[in-house]
Amino acid sequence: MPKNSLLRGKKQSADTRRLLLDIYQRLLSYFGHRNWWPAGAPFEMVIGAILTQNTNWANVERALINLKKEKLLKPEKLAEINLHKLEKLIRPSGYFRQKAKRIKDLVKFFNAPPIDGSFEKMRRIPTDKMREMLLTVNGIGPETADSILLYALEKPVFVVDSYTRRIFAKLGLVPEDIKYDDLKAFFEGNLPRSVDLYNDFHAQIVALGALYCKKRAQCNLCPLGEIARCK
DNA sequence: GACCAGGCACATC
DNA sequence: GATGTGCATGGT
C-alpha cells in the first residue's frame, strides 16, 4: 500500500499538471491572451487591485479614468489628496468610502520605509516577506496582496479568486471548502513557476467565470467541455 | 426589482 | 475556526 500510494501520488500529480495545462491551453485558444495589466503602470495595478474588490472591472475603469484625468494616479498625489475628494472620484467603483481609506492606507505604506515609494525596493524584498507585509495593511487581504505581487511586482504567485474556487471545485479537482492558501498551493504546486502563465491563467479563469459559469444552461458553451466537465 | 461583480474587516458564537 | 454582515455602484 505505501509503495503503491507513493506511485499513485506521483502519477496523480503528473496527471493534474497535464490537466491544468490543458485547461489553460483550451482557455487561451478560446479567449485569446487576456493581456491583463499591460506593462508599464505598476502603480495603476496597485490601485486597481483595491478598486476591483468585489466589483465589476467596467466600474473600476471609470474610477481609474477619473483619477487619471485629475493626474492623481501617483503615490505622492494620492498621499496629499483630501479623503472626500478621493471618495468622490472613485465613487463608480462602489464601496467608495472603504476603498478611499484603503487606498490612503496603502499609499502610506508604499511611501514609507522600507519601500520609500520605490517598486525597485519592493521587488528586492523576498516574496513571502512582502506578502506578509502587505497583509498587515488595512484592506489588503490574500487576493489583493497576491494580485499586487503578481501583476505589479511580477512575482510568480498564483492569484486565487471566487471564480477559481467555484470552477475548480465544480470540476471536482479540489474540495469546495478549500482554503485560499491551499488552493493557491494547488496551482503553484502543479504548474511551472511562471509569471506569464500565472498572469494569464488567472485572467482566463475570470473570463470563463464571468461569461459561462453563471447559469447551468450556459455549460454547453463552455470551452472546457471536451476536456473537463463540471460535476 | 433581483442578482451579480477580479474581497475584506469585524462581530459573534 | 467557522459563519454572518456591512460596505455601494452600475449592468443585465
Side-chain angles (χ1 to χ4, degrees), chain A residues 23-24 27-28 31-38 41-67 83-109 131-155 157-170 175-184 187 195 197-218 221:
Chain A
I23 288 173
Y24 173 66
L27 293 173
L28 175 60
F31 291 113
H33 197 285
R34 305 303 294 163
N35 203 26
W36 262 23
W37 298 118
F43 190 70
E44 183 175 333
M45 300 176 196
V46 169
I47 301 304
I50 299 267
L51 292 176
T52 195
Q53 289 170 357
N54 208 33
T55 299
N56 188 306
W57 186 252
N59 289 355
V60 174
E61 278 193 315
R62 294 168 211 266
L64 286 173
I65 286 169
N66 288 345
L67 291 174
L83 185 65
H84 284 300
K85 188 172 177 196
L86 181 56
E87 286 177 352
K88 208 170 157 189
L89 291 168
I90 66 167
R91 196 184 173 96
S93 75
Y95 305 111
F96 58 90
R97 294 189 191 89
Q98 278 192 355
K99 286 177 180 176
K101 275 199 200 77
R102 290 175 181 183
I103 287 173
K104 279 290 199 181
D105 289 341
L106 180 55
V107 165
K108 197 177 284 179
F109 165 82
R131 188 171 195 269
E132 262 178 46
M133 289 166 67
L134 284 167
L135 289 174
T136 67
V137 180
N138 166 51
I140 310 257
E143 185 186 339
T144 307
D146 290 336
S147 291
I148 292 172
L149 290 168
L150 176 63
Y151 291 100
L153 302 182
E154 300 178 81
K155 301 288 186 183
V157 166
F158 200 92
V159 177
V160 165
D161 71 336
S162 49
Y163 287 134
T164 315
R165 181 180 286 100
R166 219 180 301 165
I167 293 170
F168 286 83
K170 275 192 177 170
E176 256 181 60
D177 57 351
I178 189 169
K179 302 228 182 329
Y180 183 98
D181 287 341
D182 294 333
L183 188 51
K184 174 173 182 277
F187 284 95
V195 172
L197 175 63
Y198 291 0
N199 176 322
D200 196 48
F201 203 160
H202 173 62
Q204 298 289 351
I205 290 169
V206 173
L208 178 67
L211 285 173
Y212 295 132
C213 304
K214 288 181 184 168
K215 294 180 186 159
R216 203 75 185 166
Q218 291 172 310
L221 298 170

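Below, all heavy atoms of this structure are taken into account, side chains as well, without hydrogens, waters or symmetry copies. Here is how names work: the chains are called A, B, and so on, in the same order as the sequence lines, proteins then strands, and each is numbered from 1.
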If stacking means aromatic ring centre less than 5.5 angstrom from the base's six-membered ring centre, planes under 30°, is W36(A) stacked on dG6(B)? yes

Check every strand shown and say whether S147(A) touches a base, only sugar-phosphate, or nothing at a heavy-atom separation below 4.0 Å. nothing

Tell me the interatomic distance from M45(A), atom CE, to dG6(B), atom P, rounded to whole angstroms. 18 Å

At 4.0 Å (heavy atoms only), tell me whether R166(A) reaches a base, stays on the sugar-phosphate, or touches nothing. sugar-phosphate

note: E143(A), atom CD; dA9(B), atom C1'; distance rounded to Å ~ 15 Å

Output the rounded distance in Å from CD1 (I148(A)) to P (dG7(B)). 14 Å

Specify the separation, in whole Å, of atom CG of D182(A) and atom P of dG1(C). 13 Å

What string of B, S and - do you get for nucleotides 2-12 of chain C, 5' to 3', when a contact is any protein heavy atom under 4.0 Å? S---BBBBSS-

P atom, dC10(B) versus dA8(C): distance in rounded Å? 14 Å

So F187(A) and F158(A), would you call those rings parallel, tilted or perpendicular, with 30° and 60° as cut-offs? parallel

Please give, in whole Å, the distance from dC8(B) C1' to Y180(A) OH? 13 Å

Do you see a donor-acceptor pair shorter than 3.5 Å between the side chains of T55(A) and K99(A)? yes

Can you tell me the distance, in whole Å, between the CD1 atom of I140(A) and the P atom of dG7(B)? 14 Å

Taking atom P in both dG6(B) and dA2(C), what distance in whole Å separates the two? 27 Å

Any base atoms under 4.0 Å from V137(A), or only sugar-phosphate, or nothing? Heavy atoms, all strands. sugar-phosphate

Side-chain N or O of Y163(A) less than 4.0 angstrom from OP1 or OP2 on dA5(B)? yes

Rounding to a whole Å, what distance do you find between K215(A):NZ and dA2(B):C1'? 12 Å

Here the distance between atom C1' of dC4(B) and atom CG of L211(A), to the nearest Å, is 14 Å

